[in-house]
Amino acid sequence: FPIKIAELDRCKIVPSDNAGIGPDHPGFNDEEYCKRRKMFADIAYNYEHGNPIPHVEYTKEEIATWGAVFTRVSSLNEAHACKEYKKVSNNSTTTNNHVINSSD
């Protein structure tokens, strides 16, 4: 069991050719989706603690999708989010037209 964060580099699961999805997944037969999902999995698998986090360029479609999700979730936060989340999210630079990268 890892004690230090750097030890997580030795706890990697070997990625599969199908980007970790099975035949019952809606995107299983979508070659473009699987290719994109594999790219994200490869970035995560190859990352090692202490190295710069790679920057990901999101597509217009991904930005639009996450923008719609952000807008909907934001509208629900006042009624449903805990006070700790509300406090932290008020300082967030997230918007509905930009997907934040871990490298940002």
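Along the sequence shown, residues are numbered consecutively beginning with 1.
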Handout entry: By salt bridge (Lys or Arg N to Asp or Glu O under 4.0 Å) - contacts of Glu31 (at least two apart)
Key = none

Problem - Distance in Å, Ser75 OG paired with His80 NE2, rounded so as to fall on 0.5 Å steps - result: 8.5 Å

All N/O donor-acceptor pairs, side-chain side in residues 67-74, below 3.5 Å, sequence neighbours left out:
residue, atom, partner, partner atom, Å
Thr71, OG1, Gly67, O, 2.9
Thr71, OG1, Asn96, ND2, 3.4
Ser74, OG, Phe70, O, 2.7

Handout entry: Any side-chain heavy-atom pair of Arg10 and Glu7 under 4.5 Å
Key = yes

Completion exercise
Taken in chain and number order and not counting sequence neighbours, the residues that satisfy side chain to side chain contact (heavy atoms under 4.5 Å, CB included) with Tyr47 are Asn51, Ile53, Pro54

Fill in the blank from the handout: Output for pair (His49 NE2, Asp9 CG), nearest 0.5 Å, gives 7.5 Å

Practice task
With side-chain contact (heavy atoms from CB on, under 4.5 Å) as the test, would you mind laying out the steps for Met39 and Arg36 before giving the verdict?
Solution key: CA-CA 5 Å; Met39 183 213 58; Arg36 184 78 170 154; 3.4 Å; yes

Exercise for the section: Treat each ILVMFWY residue as a node, draw an edge where side-chain heavy atoms are under 4.5 Å apart, and state whether Ile63 and Ile43 are in one component. Expected result: yes

Practice task
Give a yes or no on this: more than 12 heavy atoms of other residues, nucleotides or ligands lie within 6.0 Å of atom CG of Leu76.
Solution key: yes

Problem - Shortest non-hydrogen contact from Arg37 toward His25 - result: NH1-NE2, 4.0 Å

Completion exercise
All heavy atoms of Cys34 vs all of Gly27, minimum pair found to be SG-O, 3.3 Å

